[in-house]
Amino acid sequence: MSISIKGRSLLTLKDYSPEEIRYLLDLSHQVKKEHKVGKFNQRFLGKTIALIFEKRSTRTRCAFETAFGEEGGYPVFLSIDDLQLGKKESIEDTARVLGRMFNAIQFRGFSQKTVEVLAEYSGVPVYNGLTDAYHPTQILADLMTVEEEFGCLKGRKICFVGDGRNNVANSLMIGCAKMGVHFTTLAPKALYPEQGLVDQSRVFAERSGAEIHVSSDIDGAMDGVDAVYTDVWVSMGEEDKLKERVTLLTPFRVTQELMEKTHRKESIFLHCLPAVKGNEVTFDVIEGPSSRVFDEAENRKHTIKALMVATL
Ligand code: CP
Ligand code: NVA
């Protein structure tokens, strides 16, 4: 079956079939190999992308800018202070203007609705570079990293530990469910993902054979896990919740002792970064031999390049 996703946006991985995600991951491995040997194909020559950021970013911005630029494209960074987006101009109008000038748009910000409106009105591919709800491009890099480590995805086990209802946890559940990766959210009950998302992910998982669990039982959830994944305890925009999160999440800190509960020497540690070392993960784990966080960060660039090659 030949797959084409030309012209498509990526707002959430819910909209992508397992075959389309497979296609993106295969292309990611290919562009990474090309990058390693210095082969650039000028695939974005004469093209432009608007990179809109309402929230800060290191990896996502740099991945989009460098991936697009080294293939001959022209990325334009637009912070929220530079644009009228939703302030003096409606998002719909801004989208229609940007759609006349750019070949694609990346949006990072608060509301999932904003990225949906940009996609609906711009007429060009729009990529969700993180909203309060989802972080789909991150998960492509995570899946790629797991695949590099273990050679395959199907039947592997990932456990996300911590704020089980954040954007990364949500998207990871969807991505694993689609790709046949057994997935557990390990979190205190107050931070469980929305039941609607869990139900939807279980429907995706029926097709792939994945099992989707939500639990607060640390020993049970960690047993046999291939990749232990965590993220910050307070996401961007939730800084006022730090105190309550420290209380809720301290028992769920990823320590060496917690890693050992996987009972697997070859288990790896993943984190989307940036990390608050000493909070969600101890220094020895993130800096230790199981950590793959910088491969994962590098893979942001290759997966984002693959996404743009496939859709532009
Ligand atoms: N993981 C990630 O999205 O990093 P940035 O916030 O630096 O883009
Ligand atoms: N959950 C984090 C992810 C950062 C990449 C946040 O939204 O701040």
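Here the structure is a predicted model, which is why all the values come from computation and not from measurement.
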* Asked: Honestly, is Lys55 close enough over Phe110, meaning NZ or CZ under 6.0 Å from the six-membered ring centre and within 45° of the axis?
  ->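 Yes, a cation-pi geometry.
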
Please identify each residue that fulfils ring-ring contact (aromatic ring centres under 6.0 Å, His included) with [X], with sequence neighbours left out.
X: Phe68; result: Phe44
X: Phe77; result: Phe53
X: Phe204; result: none

* Asked: Do side-chain atoms of Glu238 reach the backbone of Ser235 as a donor and acceptor pair under 3.5 angstrom?
  ->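 Yes: the side chain of Glu238 pairs with the backbone of Ser235.
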
* Please report the shortest heavy-atom distance between Thr255 and Val285, naming the atom on each side. =>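 It is C-CG2, 3.4 Å.
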
* Of all the heavy-atom pairs spanning Ala169 and Gly164, show the shortest one and how long it is. => CB-O, 3.5 Å

Residues in salt bridge (charged side-chain N to carboxylate O under 4.0 Å, His left out) with [X], at least two apart?
X: Lys243; value: none
X: Glu211; value: none
X: Glu149; value: Arg292
X: Asp240; value: none

* Asked: Please, which pairs that meet ring pair (Phe, Tyr, Trp, His ring centres under 6.0 Å) have at least one residue in residues 269-299, sequence neighbours excluded?
  ->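 Sorted pair list comes back empty.
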
* Asked: Tell me the ring pair (Phe, Tyr, Trp, His ring centres under 6.0 Å) pairs involving residues 214-256, sequence neighbours left out?
  ->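 The answer is Phe160-Tyr229.
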
* Asked: What's in the same ILVMFWY side-chain cluster as Met236, cut-off under 4.5 Å, chained through other members?
  -> Leu130

* **Those residues that, when tested against Lys14, pass side chain to side chain donor-acceptor pair (under 3.5 Å) (two or more places apart)** => Tyr134, Gln200

For residues 97-104, which side-chain donor-acceptor pairs fall under 3.5 Å, sequence neighbours excluded?
{"unit_1": "Asn103", "atom_1": "OD1", "unit_2": "Thr48", "atom_2": "N", "d": "2.8"}
{"unit_1": "Asn103", "atom_1": "OD1", "unit_2": "Thr48", "atom_2": "OG1", "d": "3.4"}

